[in-house]
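This report refers to the structure that appears directly beneath it.
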Number of protein chains: 2
Amino acid sequence: MTEKNKAKVREILDTYLECNHHRKTPERYAVLDAVYSIDGHFTLEELDAELTKRNFRVSRATLYNTMHLFIELRLVMRHSLVDGTKYEACYYNDSHIHQVCSVCGQVTEINVPAVTAAVNDLKLQRFRKDTFALYIYGVCSTCQAKLTRKKNDK
Amino acid sequence: MTEKNKAKVREILDTYLECNHHRKTPERYAVLDAVYSIDGHFTLEELDAELTKRNFRVSRATLYNTMHLFIELRLVMRHSLVDGTKYEACYYNDSHIHQVCSVCGQVTEINVPAVTAAVNDLKLQRFRKDTFALYIYGVCSTCQAKLTRKKNDK
DNA sequence: ATAAATGCAAATATTTTGCAAGCGC
DNA sequence: GCGCTTGCAAAATATTTGCATTTAT
């Protein structure tokens with residue numbers, strides 16, 4: 001993530017905290033920066049490691065609180081995949097389509113403009129649409145091969 | 001869920017267990033039946049309650065094991081929403097689009113044929129696509145009204 | 001008879017909570 | 001100074017695991 005983009009999300013947080021009379025604590029900015037420095041999905045544990053690497057220690061409670069805040073602000077997306085809960089910076093990310101193998105748990109982000117457009121064009125009643133996540137479940141070719149082999153063995 | 005449809009999913013489980021030389025335990029059929037008797041999303045706790053109501057007791061471990069199996073078989077879908085993990089019978093269910101309010105957590109299932117078609121038409125490389133789940137995040141009108149009111153108060 | 005599946009209980013992992021202390025406004 | 005936010009530690013939940021026992025094949 002470029003510095004310019006990090007500045008932009010920092011500004012979004014800034015504006016929100018000011019408008020809603022919440023505090024601009026160093027923790028919130030440090031966590032945001034860490035989040036936007038990690039590429040792709042990450043666990044809470046990994047986020048904590050990133051912060052430690054930067055010599056910034058936050059408590060578990062604050063980490064959870066802050067992630068909840070960021071999710072409400074659409075700065076972070078939470079995914080619950082086969083191998084546990086993962087987070088992801090989502091402000092500069094319009095690839096919300098995940099291909100998930102339910103055998104091995106492997107997740108691949110894919111880009112499908114037609115689907116993205118269909119979702120974005122969607123008009124919802126009494127609902128302010130902000131973002132979306134699409135999970136396509138199936139079996140990857142590697143696992144498919146293993147399954148076929150296993151069946152033949154028997 | 002009609003009895004006819006329950007019979008159909010039971011048959012799917014049956015065929016799978018036979019072909020793969022796994023055991024047809026009473027637990028597996030009892031859990032499947034309970035799953036397909038509950039309407040909409042449910043927690044593990046609620047599933048356990050349904051089984052207890054039917055005088056069928058299964059251990060926590062078996063419940064988790066069985067749900068994992070059903071998920072692989074596409075008989076069950078697992079959702080991780082704001083208010084925790086939810087499961088859902090999914091074999092006779094093609095409404096996989098969820099509208100999720102990130103403030104109150106309310107989930108509404110919606111039907112959008114255009115989007116469903118776009119996803120179903122999708123061709124993926126080296127991946128056997130089975131099913132999908134789409135989550136559209138935003139703010140419901142009730143929460144939106146509350147937020148606006150709060151902002152005006154200040 | 002054999003191996004897979006279950007139950008149980010303990011271990012682990014994950015998330016929330018209450019309260020005292022710290023600090024942004 | 002006020003009261004939101006944090007850290008801490010404990011509590012509450014959720015999920016997995018090892019092992020003895022049961023049971024489907």
Side-chain angles (χ1 to χ4, degrees), chain A residues 10 13-34 41-49 51-52 54-73 76 78-87 102 105 150-151 153-154, chain B residues 10 13-32 34 41-49 51-52 54-73 76 78-87 102 105 150 153-154:
Chain A
R10 211 147 41 213
L13 176 58
D14 229 60
T15 307
Y16 171 83
L17 294 176
E18 263 175 34
C19 291
N20 294 277
H21 309 287
H22 290 152
R23 288 192 193 158
K24 300 186 185 179
T25 64
E27 284 80 4
R28 286 172 171 165
Y29 291 95
V31 174
L32 184 64
D33 243 53
H41 293 168
F42 57 86
T43 62
L44 248 221
E45 215 55 57
E46 286 161 353
L47 177 58
D48 197 38
L51 283 157
T52 303
R54 294 154 173 251
N55 291 312
F56 200 104
R57 222 209 135 266
V58 288
S59 67
R60 213 21 69 121
T62 299
L63 218 44
Y64 276 107
N65 281 340
T66 309
M67 294 312 273
H68 283 155
L69 171 66
F70 291 173
I71 288 168
E72 277 205 18
L73 292 179
V76 163
R78 183 177 180 273
H79 304 285
S80 198
L81 304 166
V82 184
D83 54 341
T85 301
K86 299 286 176 66
Y87 297 89
S102 2
K150 201 194 283 176
K151 202 170 271 175
D153 286 352
K154 305 205 173 177
Chain B
R10 212 148 38 214
L13 176 58
D14 229 60
T15 306
Y16 171 82
L17 295 177
E18 262 175 37
C19 291
N20 294 277
H21 309 286
H22 289 152
R23 290 193 191 158
K24 299 185 185 180
T25 64
E27 285 79 4
R28 287 173 169 163
Y29 290 96
V31 174
L32 184 65
H41 293 168
F42 57 86
T43 62
L44 247 221
E45 215 55 57
E46 286 160 354
L47 177 58
D48 197 40
L51 283 157
T52 303
R54 295 154 172 251
N55 291 313
F56 200 104
R57 221 205 137 270
V58 286
S59 69
R60 214 19 71 119
T62 299
L63 220 43
Y64 276 106
N65 281 340
T66 309
M67 294 312 274
H68 284 156
L69 171 65
F70 291 174
I71 289 168
E72 278 206 16
L73 291 179
V76 162
R78 184 177 181 273
H79 304 286
S80 197
L81 304 166
V82 184
D83 54 343
T85 301
K86 299 286 175 69
Y87 297 88
S102 1
K150 200 196 281 178
D153 285 354
K154 304 204 168 173

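Reminder, nothing fancy here: chain letters follow the sequence lines and each chain counts from 1. Here the structure is a predicted model, which means the values were calculated and not measured.
In this structure, CG of A/Asp48 is placed 15 Å from C1' of C/dA13, rounded to the nearest angstrom. In this structure, the CD atom of A/Glu18 is 18 Å from the P atom of D/dC4, given to the nearest Å. Distance, A/His21 NE2 to D/dC4 P: 12 Å, rounded to whole Å. In this structure, B/Glu45 atom CD and D/dT15 atom P are separated by 10 Å, rounded to whole Å. Atoms CZ (A/Phe56) and P (D/dT6) sit 9 Å apart, rounded to a whole Å. Rounded to whole angstrom, the span from the CE atom of A/Met67 across to the C1' atom of D/dT6 amounts to 17 Å. Computed from coordinates, the B/Tyr16 OH to C/dA4 C1' distance equals 13 Å when rounded to whole Å. Atom pair B/Leu63:CG and C/dA5:C1' shows a separation of 14 Å (rounding to whole Å applied).
Remark: side-chain polar atoms of A/Glu46 are paired, donor with acceptor, to backbone N or O of A/Thr43 under 3.5 angstrom. Within the 3.5 Å criterion, the main-chain N or O of B/Asp48 finds no donor-acceptor partner in the side chain of B/Arg57. At least one donor-acceptor pair under 3.5 Å links the side chain of A/Arg28 to the backbone N or O of A/Arg23. Proximity of a side-chain donor or acceptor of A/Glu72 to a complementary backbone N or O of A/Leu69 within less than 3.5 Å is not detected.
Contact annotation: B/Arg28 reaches the phosphate of C/dA5 (side-chain N/O to OP1 or OP2, under 4.0 Å). For B/Thr62, a side-chain nitrogen or oxygen approaches OP1 or OP2 of C/dG7 to under 4.0 Å.
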| field | side-chain contact (heavy atoms from CB on, under 4.5 Å) between A/Met67 and A/Tyr87, intermediate numbers included | value | CA-CA 9 Å; A/Met67 294 312 273; A/Tyr87 297 89; 3.5 Å; yes
| message | Using side-chain contact (heavy atoms from CB on, under 4.5 Å), reason through B/Leu44 and B/Thr85 one step at a time and then give a plain yes or no. | response | CA-CA 8 Å; B/Leu44 247 221; B/Thr85 301; over 6 Å; no
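Note on the helix from C/dA1-D/dT25 to C/dC25-D/dG1: angle between the axes of the first and last five pairs equals 40°, rounded to 10 degrees.
Taking 4.5 Å as the limit, every side-chain heavy atom of B/Leu17 sits out of range of all side-chain heavy atoms of B/Thr25.
The shortest heavy-atom contact between A/Arg78 and A/Ile71 is CB-CD1, 3.8 Å.
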| Protein proximity profile, nucleotides 15-25 of chain C - base contact B, sugar-phosphate-only contact S, no contact -, cut-off 4.0 Å on heavy atoms | BBB----BBBS
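With values rounded to the nearest 0.5 angstrom, A/Leu73 atom CG is found 13.0 Å from A/His68 atom NE2.
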